[in-house]
Structures are given as C-alpha cells and as structure tokens.
Amino acid sequence: MCDVRAAVSQAVIAALVLTHQVAVPLLMALAAVNGASGSCYQPAAQALLPQTVPAESRRAALALSRIAGSGAVVTGASLGGVLVAAVGPGWGLATDALSFALAATSFALVRVHAAPPGPSPGVVHELRVG
C-alpha cells in the first residue's frame, strides 16, 4: 500500500509539472504524502523478509537486502539525473511513479502464510520491555 500511495503522489506531481500547473503548497502536500509513504515502506519490507526466507538464510538475506537497497539509492539517483537531463523533470517524475507502481505490483504478488499473533500482554507492558 505504501508504494501505491507513492506512485499516485508521484504521478500527480509529474502531471502537474508536465502541464505547468505546479504550485508550491500543493507540491509540499504531495511531497508529505510521498514521505509518509516512504516511512512505512522499510518496516513493512523488513517484516516481510523473515516470512519469505528460511531461518538459516535470514542474516545473509538481510545483508543482501541492505546492500541492494543502498546500491539502488545510488544508482537510482544517478539514473534519475540522467533521465531528467535527457527528457525533463516531468518525465523523470513520471518514470519514478512507474517504478513505484511496479514495486507495488511486485509486492502484491508475494504470498506469505503468517501465523496468527499470540495473545499480547498489553501495550503498556510491551512499551516497558521493548
């Protein structure tokens, strides 16, 4: 769901830039939506890893996930700069929206069988111990 919100907000920003209708307050609001979407991605992705990787491979999978994520940030920023220079900022933003949509589709195809959560001792207890 995080990637869907990010895709929609980036697509709206791209449309505004391409149509020369961008306004700073609207851009700020959409950037806030995009930032909030990004903030829920990492915890969700990290929670998915133990459900999709066998226990004996989790440490290596986590390391690979972190390396791939860092590499994607560096590579994505570089490719984004080249794309913006080649075709303009609106189309760069539209490509970013498409990448979020592809990520959302990929995550939607992942199937996991999570065990139902056990009884919780309560929020206060969990805050105290954790």
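Count residues from 1 along the sequence.
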* With clusters built from Ile, Leu, Val, Met, Phe, Trp and Tyr whose side-chain heavy atoms come within less than 4.5 Å, directly or transitively, what are the remaining members of the cluster of Leu62, listed by chain and number? -> Leu49, Val53

* Counting N and O atoms only, with roles assigned by atom type, does the side chain of Ser70 sit under 3.5 Å from a partner on the main chain of Ile67, one being a donor and the other an acceptor? -> no

* Linked hydrophobic residues, Leu79 as query - side chain contacts closer than 4.5 Å -> none

* Distance-minimising heavy-atom pair for Ala101 and Ala7 -> N-CB, 3.7 Å

* To do: Please list all pairs passing the disulfide bond (SG atoms under 2.5 Å apart) test where one or both residues lie in residues 42-103, with sequence neighbours left out.
  => none

* Apply side chain to side chain contact (heavy atoms under 4.5 Å, CB included) to Leu27 and list each qualifying residue two or more places apart in sequence or on a separate chain. => Ile13, Val22

* To do: Find out if a path of hydrophobic residues (ILVMFWY) with successive side-chain heavy-atom gaps under 4.5 Å connects Val12 to Val17.
  => yes

* **Considering all heavy atoms, the nearest Ala108-Arg111 contact** => O-NH1, 2.8 Å

* If you link ILVMFWY side chains whenever their heavy atoms are less than 4.5 Å apart, which other residues fall into the same cluster as Leu98? By chain and number, please. => Leu102

* To do: Starting from Val24, walk the hydrophobic network (Ile, Leu, Val, Met, Phe, Trp, Tyr; side-chain heavy atoms closer than 4.5 Å) and list everyone else you reach, by chain and number.
  => Met28

Enumerate, atom names and distances included, each donor-acceptor pair closer than 3.5 Å involving a side-chain atom of residues 86-94, sequence neighbours excluded.
none

* Asked: Residues two or more places apart in sequence or in another chain: which of them pass side chain to side chain contact (heavy atoms under 4.5 Å, CB included) with Asp96?
  -> Gln10, Ser99, Phe100

* Which residue pairs pass the ring pair (Phe, Tyr, Trp, His ring centres under 6.0 Å) test when at least one of the two sits in residues 20-73, sequence neighbours left out? -> Tyr41-Phe107

* Which disulfide bond (SG atoms under 2.5 Å apart) pairs, counting each pair once, include a residue from residues 2-62, with sequence neighbours left out? -> Cys2-Cys40

* Backbone N/O of Thr19 and side chain of Gln21: donor-acceptor pair under 3.5 Å -> yes

* Residue pairs fulfilling disulfide bond (SG atoms under 2.5 Å apart) with at least one residue in residues 45-97, sequence neighbours excluded -> none

* State the CZ-OG1 distance between Arg58 and Thr52, to the nearest 0.5 angstrom. => 8.5 Å

* Applying ring pair (Phe, Tyr, Trp, His ring centres under 6.0 Å), which residue pairs with at least one partner in residues 55-81 are found, sequence neighbours left out? -> none

